[in-house]
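Right, one structure below, let's go through it.
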Amino acid sequence: MSEDFKNQHIVPVSYLNHFGTKQKSGKYLIGARTVKDKKLSKPFRQSTENVGYICNYYDVPERDDPKHWEHFLDENFDRLCGRKLEQIIAHATLSPNKTVVLDDSKKDLLSKIIVSQMFRVPDFFKHGFQKADEVMKMMKAELIEVFNDIAPDKVPYVERVEFTDTQQKDIILSNIFDDERFNRYCEILKSKSWVVYYNCDYNDTPFITCDNPVLVTNSNGSKIGLFANGLIQEETSIFLPISPSLLIAIYSPMAVEGGMWLLDGEKINLMNEKKFVKRINEMLIRQAFRYVFEKI
């Protein structure tokens with residue numbers, strides 16, 4: 001029983017399957033490379049179930065159900081990346097250039113996938129722990145100040161209060177996935193301009209993905225990451241590859257002097273745009289946690 005739900009994926013298997021090749025067994029094989037010191041290993045083939053995970057990563061032993069967050073992410077978000085995302089991929093693939101392929105319901109689904117993915121990876125927790133530590137120190141200082149006046153004998157107890165890493169992770173996840181807060185992040189994304197890029201040269205130069213696949217960057221790509229850019233800044237752009245041929249792009253409605261509104265929800269064919277595709281791929285490699293993935 002202790003081995004159940006041990007391999008906890010920081011990127012859903014159902015998402016990776018869109019970059020994999022289905023086998024007779026029903027499993028999906030994907031091309032993978034490990035990233036170390038910004039260098040890529042030689043490619044190897046692996047089942048999508050056997051990559052993109054960290055053992056017991058979301059476990060909180062202090063909870064009645066230590067696997068609470070693993071189950072929560074699977075039930076609420078991983079399943080969105082299966083058939084529902086496949087329908088978006090099929091519709092966008094088959095639609096003519098400059099067709100509106102993303103309505104409000106599709107943006108709602110994609111925003112949930114994107115926001116949940118941004119907040120489940122090690123890069124987010126690295127910053128989250130730093131912020132949590134700052135908040136804890138501030139709260140303890142305020143409590144100590146209060147107890148110094150009303151119950152000085154309690155001060156040593158407050159000073160000894162510490163939270164384990166898993167307790168901090170539990171607090172962070174509880175706050176991020178609070179319904180009101182999570183929906184507010186989704187609304188920020190839905191208020192922006194969305195484009196679906198179709199890579200006409202995907203057989204030769206496909207979009208890749210990685211185990212940290214939501215790319216948040218500024219207009220020239222000099223700053224990468226959620227914390228380096230934020231969600232509401234005018235220069236912030238968000239990208240998520242959803243197949244070797246399709247890339248979801250989200251821009252400020254003021255981008256290109258407000259011209260992005262004219263393309264909102266549309267499919268845009270990329271022809272002879274290998275430089276753009278390679279640029280996106282290079283940034284995904286730079287922000288990958290451990291693995292880069294490509295179709296075989």
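The figures here come from the full heavy-atom set of this structure, side chains too, leaving out hydrogens, waters and symmetry mates. On a predicted model such as this, the values are computed, not experimentally measured, just so you know.
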If you take all heavy atoms of [X] and [Y], which pair is closest and at what distance?
{"X": "L16", "Y": "I30", "value": "O-CD1, 3.7 Å"}
{"X": "Y53", "Y": "R290", "value": "O-NH1, 4.3 Å"}
{"X": "P213", "Y": "V11", "value": "CG-CG2, 4.1 Å"}
{"X": "K295", "Y": "G20", "value": "NZ-O, 2.7 Å"}
{"X": "A228", "Y": "I224", "value": "CB-O, 3.8 Å"}
{"X": "P12", "Y": "D78", "value": "CG-OD1, 3.5 Å"}

Is it true that [Y] and [X] share a donor-acceptor pair across their side chains at a distance under 3.5 Å?
{"X": "N229", "Y": "T236", "result": "no"}
{"X": "N56", "Y": "K67", "result": "yes"}
{"X": "Q8", "Y": "D59", "result": "yes"}

Backbone N/O of [Y] and side chain of [X]: donor-acceptor pair under 3.5 Å:
{"X": "K278", "Y": "T205", "result": "no"}
{"X": "H18", "Y": "P244", "result": "no"}
{"X": "T209", "Y": "P241", "result": "no"}

Any idea how [X] and [Y] line up, ring-wise: parallel (<30°), tilted (30 to 60°), or perpendicular (>60°)?
{"X": "H127", "Y": "F227", "result": "parallel"}
{"X": "Y251", "Y": "F239", "result": "perpendicular"}
{"X": "F72", "Y": "W69", "result": "perpendicular"}

Answer yes or no: are there more than 12 heavy-atom neighbours, outside [X] itself, under 6.0 Å from its atom [atom1]?
{"X": "D103", "atom1": "CG", "value": "yes"}
{"X": "R45", "atom1": "CZ", "value": "no"}
{"X": "D104", "atom1": "CG", "value": "no"}

Can we say E282 and R279 salt-bridge, meaning some charged N sits less than 4.0 Å from an Asp/Glu carboxylate O? no
With a 4.5 Å limit on heavy-atom distance, are the side chains of I238 and L231 in contact? yes
For K112 and D108: C-alpha separation, side-chain torsions, deciding distance, then whether salt bridge (charged side-chain N to carboxylate O under 4.0 Å, His left out) applies. CA-CA 6 Å; K112 290 176 181 177; D108 184 66; 3.4 Å; yes
